[in-house]
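Down below is the structure, laid out as structure tokens.
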Amino acid sequence: MTSTPDSRTPAPERTPYMTIDTAAPPLPRYRHEDPGSMHLRDVLRVIRRSWMIIVAAVVAGLLAGWLVTVFMPERYETETKVLVDPVVSVEATDTLSQASALVADRVETFAALAQTPAVLDPAIDAIGADVASTDLVDNVTAEVLPRTSIINITVEAGTPTNAAELANAIAASLITQIEGDAAAATPISLTGTVVEAPEIPDELASPLLLLNLLVGLAVGLLVAFLVIVFRQALSAGTRGR
């Protein structure tokens with residue numbers, strides 16, 4: 001007899017096919033860093049590590065500025081103004097134009113003359129000051145105010161009174177030179193007039209404490225910066241070996 005398969009016998013299980021995931025793996029995500037913020041963090045880190053150097057340099061700079069202020073001699077400054085004017089003996093149009101031209105031509109010369117022994121020596125003799133004109137010339141400046149024939153004279157001295165006295169004497173001596181220089185220029189001559197008398201100064205011109213402290217602070221910060229840069233370069237060179 002031929003046996004027939006039992007319809008109740010379960011069919012063999014089929015092995016499922018293996019599936020391969022061909023998808024590419026996700027790319028790693030990198031955090032974007034701003035170069036500017038990285039440099040700023042580096043700078044702040046270096047500053048934190050070198051704070052003792054910065055503090056020491058700043059304190060030394062401020063101390064130097066204070067010492068300069070204490071030991072520098074006091075100087076006081078005042079100003080006086082001299083007007084150079086023509087004097088004409090004949091009222092004529094051509095003469096007036098020549099007079100104006102003469103003033104414009106000579107006023108710069110007179111300003112330079114105010115800083116020479118020809119003016120300074122008589123001024124020193126007039127007030128009996130114990131100073132040589134060669135030393136005084138460094139404390140006197142004279143310049144012509146723009147678009148005028150006014151000479152502005154600035155004088156520095158060790159005391160307020162001496163500054164005012166010297167300015168008065170120099171202005172008087174300069175006027176003498178102005179009037180004597182053009183005495184032969186007939187019918188045109190020149191004269192000088194003090195249009196602003198010097199005042200006795202009540203404030204120091206130098207030394208200035210605030211200015212010296214600011215300069216000392218700037219120098220201290222500069223020194224600290226150079227020291228830090230040198231240390232960083234030395235450290236980088238040592239690590240590179």
Side-chain angles (χ1 to χ4, degrees), residues 43 46-82 110-146 150-174 194 196-234:
V43 171
V46 171
I47 291 176
R48 284 196 301 268
R49 292 176 179 175
S50 308
W51 68 270
M52 292 186 65
I53 296 175
I54 298 173
V55 171
V58 167
V59 171
L62 293 175
L63 180 61
W66 179 77
L67 290 175
V68 168
T69 304
V70 170
F71 290 102
M72 275 186 66
E74 295 182 348
R75 307 297 298 175
Y76 293 87
E77 183 180 284
T78 189
E79 293 180 351
T80 184
K81 292 179 173 61
V82 175
F110 292 138
L113 190 63
Q115 298 173 269
T116 64
V119 171
L120 297 180
D121 283 338
I124 292 171
D125 293 339
I127 63 174
D130 186 16
V131 61
S133 59
T134 53
D135 297 328
L136 182 60
V137 68
D138 295 330
N139 300 324
V140 178
T141 58
E143 58 182 1
V144 179
L145 299 183
I150 297 176
I151 301 174
N152 186 61
I153 303 172
T154 305
V155 179
E156 285 188 4
T159 65
T161 304
N162 285 347
E165 289 179 351
L166 272 172
N168 270 322
I170 292 172
S173 179
L174 178 61
V194 175
E196 183 179 312
E199 297 181 355
I200 297 177
D202 54 0
E203 294 183 359
L204 279 171
S206 65
L208 299 177
L209 177 60
L210 180 58
L211 177 61
N212 290 337
L213 289 179
L214 290 176
V215 172
L217 175 63
V219 172
L221 290 175
L222 177 61
V223 171
F225 172 77
L226 295 177
V227 171
I228 293 172
V229 169
F230 177 76
R231 287 187 62 191
Q232 289 296 112
L234 187 62

query = Can you name the closest pair of heavy atoms from V137 and T134 and give their distance?
reply = CG1-O, 3.2 Å

Acceptor/donor pairs from residues 52-63 side chains to any protein atom, 3.5 angstrom cut, sequence neighbours excluded:
none

key: Euclidean distance, I170 CD1 relative to I151 CD1, rounded to 0.5 Å   = 12.5 Å

Only pairs under 3.5 Å count here: list side-chain donor-acceptor contacts from residues 204-226, not counting sequence neighbours, and write none if there are none.
unit_1: N212; atom_1: ND2; unit_2: T69; atom_2: OG1; d: 2.8
unit_1: N212; atom_1: ND2; unit_2: L208; atom_2: O; d: 3.3

inquiry  = Please list all pairs meeting side chain to side chain donor-acceptor pair (under 3.5 Å) that have one or both residues in residues 48-67, counting only residues at least two apart or in different chains.
reply    = none

request  = Identify the heavy atoms of A163 and Y76 that sit nearest to each other, and give their distance.
outcome  = CB-O, 3.9 Å

Any residue meeting side-chain hydrogen bond (donor to acceptor under 3.5 Å, both in side chains) with D121, in chain and number order, not counting sequence neighbours = S133

note = Residues at least two apart in sequence or cross-chain that pass side-chain hydrogen bond (donor to acceptor under 3.5 Å, both in side chains) with T154, listed by chain then number, are none

request  = Could you tell me which residues satisfy side chain to side chain contact (heavy atoms under 4.5 Å, CB included) with D135, sequence neighbours excluded, listed by chain and number?
outcome  = V131, A132

query = So how far is it from N162 CG to I127 CD1, rounded to the nearest 0.5 Å?
reply = 6.5 Å

remark   = Applying side chain to side chain contact (heavy atoms under 4.5 Å, CB included) to A167 and not counting sequence neighbours gives T78, T80, V155, P198

key: Separation of S173 OG from L113 CG (nearest 0.5 Å)   = 8.0 Å

ask   = Can you name the side chain to side chain contact (heavy atoms under 4.5 Å, CB included) partners of A112, sequence neighbours left out?
value = none

remark   = Here the side chain to side chain donor-acceptor pair (under 3.5 Å) pairs for residues 217-228, sequence neighbours left out, are none

inquiry  = Tell me the closest heavy-atom pair linking E156 and E77, and the distance in Å.
reply    = OE2-OE1, 3.3 Å

task = Give the minimum heavy-atom separation between P122 and P117, together with the two atoms involved.
result = CD-O, 3.6 Å

remark   = E143 meets the salt bridge (charged side-chain N to carboxylate O under 4.0 Å, His left out) criterion, sequence neighbours left out, with none

query = Any idea which heavy atoms bring A114 and L120 closest together, and the distance?
reply = O-CD2, 3.5 Å

task = For E196, check side-chain hydrogen bond (donor to acceptor under 3.5 Å, both in side chains) against everything at least two apart and list the hits.
result = K81

ask   = What's the shortest heavy-atom distance between L174 and F110, and which atoms?
value = CD1-O, 3.4 Å

query = How long is the span from the OG1 atom in T141 to the CD atom in Q115, to the nearest 0.5 Å?
reply = 6.5 Å

note = dist N139:CG -> L166:CG (nearest 0.5 Å) comes out at 8.5 Å

